Asker: 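Submitted below is the structure of interest, expressed as structure tokens.
What you are looking at is a predicted structure, and each value in this text was computed from that prediction instead of being measured.
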Amino acid sequence: MDLVVAIAAGIGFFALVMASIALHEVGHLVPAKLFGVKVTQYFVGFGKTLWSMKRGETQYGLKLIPLGGYVRLVGMYPPGRPNPPAGRLAELAEDARAAEWADITPEDVAGNRLFYQKKTWQKLVVMFGGPFMNILLAFCIFLTVNLVYGQAQPQLTVAAVIECVDPAPAACVKPPAAAAGLKQGDTVVAFNGAAVSTWTQLTTAIRANGAGQVQFTVDRPGSGRVELPAVPGIVRELPDLTDPTKKVMAGYVGVQPAYALVKVGPGQTLADMWSMTTQSVSALVKFPVSVVMVAVDLATGKPRDVNGPISVVGASVVAGEIATAGQIGPGARIATFFSLLGSVNLFVALLNLVPLLPFDGGHMLGAVWEWLRKTTARVLRRPDPGYVDTARLLPVAYVVGGFLVLAGVVLIIADVLSPIRIF
């Protein structure tokens, strides 16, 4: 029965991710049509067309490979130069331009219906519409989970005190919390004389303290406020708070907090999303290296890093595992399932904002660069430099796109042969 539930949950999660991608493309489609851009295709998936219909000038449909989607905005490339430069890369750009302009009519040009003809702010709105849709979806998902179920937040109450810095058979060295006499049930109210109000504040202070003196002030059941004796601190290698895959040397005391479900609103949800964004940006910077490490681990038989990258297939497998996790209750399973969906949407938005073609961020960068050139020329009373020719950047798009395809294949194979387990 668990297997059936896991498969159904995985398929359902995959369908929700595809729905999110479809809405991402709607985020491009709607403003493009509002600004009069000619839109000829809106498709979810790639490859062979499974179903389509035409409404007005736009064909809507589904394709065989459900791993993405696209909206065809006519006029992404401006007219080419009378004498284009020679070379294979230049030929690629001119071939792509010729293929697009084969469907452009004089009426499209005269009617200002081509994407490259639009104002800078309109281009930015159209290209940002997709990532914005995913950000909005992520916010709505996280906010719903936070309002209906809540989020497990660490409290200043002590759930457990680590007795030894290193497990047996190593010699038992008491960490500062145990050495100072901290007990389960104590509530930390101050660290080294400074009052603390959240576990995050306490953790930050402990890490920054390094090997310095450690002194806790606690509220102890039955005893009231107690100031524990000062003990020497220690430094250990710990996961970085903003990038769990990175190790840093930081202060360590050996204490685990109790957790409580707390319902939070839009403000805390946005703060949490910002924290997730900083972590995701760090992961994106290291994404190429992380994919290589996944391939190496797969080839050598090493277990997957739970903080490493996964494909949508892997995320669906994790969603299936969440749905059948006996370690947590039904409410926690549903909340974790949808939180994972929110995380995927946020990551999709950030990935598409990378300022390289073929991502949306690459087109946005081109629009901003074009505005800067035109504005500078106007201020300096120089001739208009014209439109930025994004067709000449197609080699970059081919390289980035090729890497994404390769990375996707590697991650899907790894997710099938060596899936990440979170329970």
Side-chain angles (χ1 to χ4, degrees), residues 22-44 52-61 69-85 90 92-134 136 352-353 355-397:
L23 289 172
H24 172 102
E25 300 304 334
V26 169
H28 294 308
L29 177 73
V30 171
K33 284 185 169 290
L34 287 175
F35 297 146
V37 178
K38 185 176 182 179
V39 183
T40 57
Q41 290 183 321
Y42 168 94
F43 274 89
V44 177
S52 69
M53 67 176 184
K54 194 164 186 178
R55 291 290 183 270
E57 64 186 8
T58 307
Q59 183 182 15
Y60 302 84
Y70 67 93
V71 172
R72 188 183 176 203
L73 309 175
V74 176
M76 296 295 289
Y77 310 133
R81 300 176 182 177
N83 298 305
L92 288 173
E94 293 309 314
D95 289 345
R97 192 193 321 276
E100 181 176 51
W101 277 80
D103 297 327
I104 294 175
T105 67
E107 290 76 16
D108 295 332
V109 178
N112 197 42
R113 302 216 53 210
L114 306 181
F115 181 80
Y116 80 86
Q117 295 175 311
K118 298 303 174 181
K119 296 177 180 178
T120 300
W121 70 269
Q122 292 176 324
K123 293 178 183 178
L124 293 176
V125 170
V126 171
M127 300 317 301
F128 183 65
F132 175 76
M133 182 66 77
N134 291 117
L136 182 61
N352 276 279
L353 288 174
L356 292 172
L357 292 177
F359 298 120
D360 301 330
H363 292 288
M364 294 171 67
L365 180 63
V368 171
W369 176 240
E370 180 178 286
W371 177 82
L372 287 173
R373 291 176 64 205
K374 287 177 175 287
T375 301
T376 302
R378 186 168 58 253
V379 170
L380 298 178
R381 300 182 183 278
R382 293 177 179 175
D384 188 335
Y387 300 104
V388 168
D389 190 1
T390 51
R392 297 176 63 186
L393 298 176
L394 280 175
V396 175

Asker: With under 30° as parallel and over 60° as perpendicular, where do the rings of Trp121 and Phe35 fit, or are they tilted in between?
Answerer: perpendicular

Asker: With a 4.5 Å heavy-atom cut-off, do Tyr116 and Val388 have their side chains touching?
Answerer: no

Asker: Which atom names give the shortest non-hydrogen contact between Ala377 and Pro383, and what distance separates them?
Answerer: CB-O, 3.6 Å

Asker: Heavy atoms only: give me the nearest Pro131-Asn352 pair and the separation to one decimal.
Answerer: CG-CB, 4.0 Å

Asker: Over all heavy atoms of both residues, which pair between Lys118 and Lys123 is shortest? Give the atoms and the distance, please.
Answerer: O-CE, 3.1 Å

Asker: Would you mind reporting whether Val368 and Leu124 have side-chain heavy atoms less than 4.5 Å apart?
Answerer: yes

Asker: Got a second to check how far Leu394's CG is from Arg392's CZ, nearest 0.5 Å?
Answerer: 11.5 Å

Asker: Passes side chain to side chain contact (heavy atoms under 4.5 Å, CB included), Arg72 versus Glu100? Steps please.
Answerer: CA-CA 10 Å; Arg72 188 183 176 203; Glu100 181 176 51; 4.2 Å; yes

Asker: For residues 24-39, which residue pairs qualify under side chain to side chain donor-acceptor pair (under 3.5 Å), counting only residues two or more places apart or in two chains?
Answerer: His24-His28, His24-Asn134, His24-Asp360, His28-Asp360, Lys33-Thr58, Lys38-Asp108

Asker: Could you give the distance from OH (Tyr42) to CG (Leu73), rounded to the nearest 0.5 Å?
Answerer: 12.5 Å

Asker: Can you find a pair of side-chain heavy atoms, one from Thr40 and one from Glu57, that are under 4.5 Å apart?
Answerer: no

Asker: With no hydrogens and no angle check, is any side-chain donor or acceptor of Trp101 less than 3.5 Å from a backbone partner on Tyr77?
Answerer: yes

Asker: Please give me the minimum heavy-atom distance between Gln59 and Ser52, naming the atom from each residue.
Answerer: NE2-OG, 3.1 Å

Asker: Can any side-chain N or O of Arg378 pair as donor or acceptor with the backbone N or O of Asp384 at less than 3.5 Å?
Answerer: no

Asker: If we only count heavy atoms from C-beta on, is the Thr390 to Phe115 side-chain gap below 4.5 Å?
Answerer: no

Asker: Quick check: do His363 and Met76 have side-chain heavy atoms less than 4.5 Å from each other?
Answerer: yes

Asker: Work out which heavy atom in Arg113 is nearest to a heavy atom in Gly36; give both atom names and the distance.
Answerer: NE-O, 3.0 Å

Asker: Is a donor on one side and an acceptor on the other found under 3.5 Å between the side chain of Gln41 and the backbone of Tyr70?
Answerer: no

Asker: Gly75 and Leu114: which non-hydrogen atoms are nearest, and at how many Å?
Answerer: CA-CB, 3.9 Å

Asker: Taking C-beta and beyond as the side chain, do Gln122 and Leu34 meet within less than 4.5 Å on heavy atoms?
Answerer: no

Asker: Tell me, do Phe132 and Val125 make a side-chain contact under 4.5 Å, heavy atoms counted?
Answerer: no

Asker: Thr120: which residues meet the side chain to side chain donor-acceptor pair (under 3.5 Å) condition with it, sequence neighbours left out?
Answerer: none

